[in-house]
Trainee: 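Let me give you the structure first, and then I'll get to my questions.
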Amino acid sequence: MTHPEHLTIHEAHDLLKSKQISSVELTRSMLKRIESVDPKVKAFMTVTGDLALQQAAQADKKIAEGECGPLTGVPGVMKDVLCTKGVRTTCSSKMLEHFIPPYNATVIEKLYANGMVLLGKANMDEFAMGSSTENSAYFTTHNPWDLTRIPGGSSGGSAAAVAAGEGCFALGSDTGGSIRQPAGFCSITGLKPTYGRVSRYGLIAFASSLDQIGPMTKDVTDAAIVMNAISGRDERDSTSVDCPVPDFTRSLNKDIKGMRLGIPKEYFVEGMQPEVAAAMETAIAKLEELGASVERGVSLPSTPYALAVYYIIAPSEASANLARYDGVKYGFSFQGTDSMWEAMEKTRQFGFGPEVKRRIMLGTYALSAGYYDAYYLKAQKVRTLIRMEFDKAFEKYDALITPTSPTVPFKAGEKGDDPLAMYLSDVCTLPINIAGVPAISIPAGFASGLPIGMQIIAKPFAEETIFRIAHAYEQATGWQKMNPKV
Ligand code: GLN
């Protein structure tokens, strides 16, 4: 048997269902694993040991009664941006240090209904702003493949936890790459679903027109299982779409013969590490060998503007979303000032970290009367162009293949004081959120022991196409079976 800590969801399910292991046993061994490796990895903001064991006991009861769904009794980890009733939810910010939500996010509710066991809440960049978890107000998470390096971000805690065997799976959120980039950096699978596929109710908002919640898992099958549980229209999120939710696991185990794949040249950016380019060449050759017809030199000409568009739109929306942290309603509140204004100012001065303040200032500037047309409106127009180019590409191709990031995971501290260098690590993932289309990152090899991710992009609501290609590639290569030695 695989070490319990490295079990996938479907492997754990098989053992639970056949009663070779109980959920309590599995949960205990996960908690032990967390105790032994998390002091090094630092993936968790909060470990919910007692709650997990209670939920596991309940799951075992259900299983004894013959009720064992794919997630019943399976322990998972939730990014600390997702509201969990009665469990501290910090967004890795001082602003929410003591915030205990009175309700569950829809995705949490759905996972609980499916019998998931909550192991804890994962560290992240504060308010999901960042690419390395170094913007967490508490501590940086380390990459399990090399503890001197970052795990990516902003869902770095979720990715590291899954890679290090501190949970069977995790959920992350992705506004510009925060699921896919850390998935790539930690050699796990991470899907950003189509905008509107998954309810954002209870996801603490960063940039509402870009944010999506998605699975971070040990393989593609698991991602399909989690998507089955969390997808669908929710009347509490008006942007969630009433589109039929297929059984995503049905798209697995199909071959990819004759599928048309495009390789967009703009994603092979200047500054890309040669090892990443080489791994991509090998991966593309593998896809061809599996029967796909691959066309290189596809062009999505507006791609180079995506970074600028993102850094206008995301901060603009963030500046509006984060206005609620005023020290009055909930969260941190600076005490002992003479006036209300001063209290509000000090609350925001001490409650937010530097990156969050930078984004609020950028967004407030871009939305101000004199600059709105020049920046925000212009960015929205380019956003439409970017989306149109994807639509056009998908008339010809079933999917587009790109690297997830231009580099392997970098050293902690390397880009800490250079926000622009940090922003560049998401060049391949940002355009996907701007267009609202779905994309996955799956393991595609290593360079000197450091993970490389491949991104597969499809048209809106074509997650099934993504799963089909990703699963075929994964089965042919076996990269998903590699585990780091922590
Ligand atoms: N790294 C990007 C940012 O800092 C994307 C973050 C995200 O997807 N939440 O905004």
Side-chain angles (χ1 to χ4, degrees), residues 78-82 91-93 122-137 140-141 150-159 170-186 190-193 195 198 200 203-216 306-319 321-322 352-363 366 379 404-407 409-410 414-441 453 455:
M78 300 296 119
K79 185 177 181 181
D80 213 18
V81 70
L82 296 165
C91 242
S92 291
S93 177
N123 191 32
M124 54 185 279
D125 288 295
E126 184 177 7
F127 285 102
M129 298 171 187
S131 310
S132 67
T133 76
E134 290 167 298
N135 293 338
S136 165
T140 300
T141 300
I150 54 83
S154 64
S155 314
S158 298
L171 285 188
S173 67
D174 191 314
T175 306
S178 278
I179 288 176
R180 291 159 287 152
Q181 184 256 27
F185 278 1
C186 291
L191 174 79
K192 184 204 84 75
Y195 185 77
V198 177
R200 291 181 295 108
L203 165 72
I204 295 172
F206 166 8
S208 307
S209 78
L210 302 161
D211 298 342
Q212 269 293 287
I213 301 165
M216 303 180 75
L307 188 78
V309 167
Y310 177 86
Y311 278 99
I312 303 273
I313 293 177
S316 294
E317 294 183 13
S319 71
N321 276 327
L322 272 61
F352 290 137
E355 184 62 25
V356 175
K357 284 185 214 160
R358 186 177 298 124
R359 305 278 177 115
I360 293 173
M361 285 192 281
L362 276 172
T404 305
S405 304
T407 66
F410 43 90
E414 193 179 315
K415 299 183 201 267
D417 2 293
D418 186 353
L420 275 180
M422 191 69 93
Y423 296 174
L424 272 169
S425 88
D426 297 316
V427 275
C428 301
T429 50
L430 299 170
I432 282 67
N433 302 68
I434 290 170
V437 298
I440 203 168
S441 175
Q455 179 170 245

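Ligands are counted one by one from 1 in listed order, and the atoms in each one are counted from 1 as well.
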Trainee: To the nearest 0.5 Å, tell me how far Ser178 OG sits from Asn433 CG.
Mentor: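 Here the rounded value is 8.5 Å.
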Trainee: Holding to salt bridge (Lys or Arg N to Asp or Glu O under 4.0 Å), I want the full list of residues that pass it with Glu355, two or more places apart in sequence or in another chain.
Mentor: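 Salt bridge (Lys or Arg N to Asp or Glu O under 4.0 Å) check on Glu355 returns Arg358, Arg359.
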Trainee: Any salt bridge (charged side-chain N to carboxylate O under 4.0 Å, His left out) involving residues 173-186? Give me the pairs, sequence neighbours left out, ordered by first then second residue.
Mentor: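 Every salt bridge (charged side-chain N to carboxylate O under 4.0 Å, His left out) pair that includes a residue of residues 173-186, provided the two are not neighbours, is Asp174-Arg180.
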Trainee: Does the side chain of Ser93 pick up a donor-acceptor pair with the side chain of Glu126 at under 3.5 Å?
Mentor: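 Glu126 and Ser93 do have a side-chain donor-acceptor pair below 3.5 Å.
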Trainee: Can you list, by chain and residue number, every protein residue with a non-hydrogen atom closer than 4.0 Å to ligand 1?
Mentor: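 Ligand 1 is contacted, at a heavy-atom distance under 4.0 Å, by Ala128, Met129, Gly130, Ser131, Ser154, Asp174, Thr175, Gly176, Gly177, Ser178, Phe206, Tyr310, Tyr311, Arg359, Asp426.
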Trainee: Return the orientation label for the Phe185 and Phe410 ring planes: parallel under 30°, perpendicular over 60°, tilted otherwise.
Mentor: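 Taking Phe410 first and then Phe185, their aromatic rings stand perpendicular (interplane angle over 60°).
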Trainee: Tell me, please, which residues at least two apart from Asp125 pass salt bridge (Lys or Arg N to Asp or Glu O under 4.0 Å).
Mentor: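 With sequence neighbours excluded, Asp125 shows a salt bridge (Lys or Arg N to Asp or Glu O under 4.0 Å) to no residue whatsoever.
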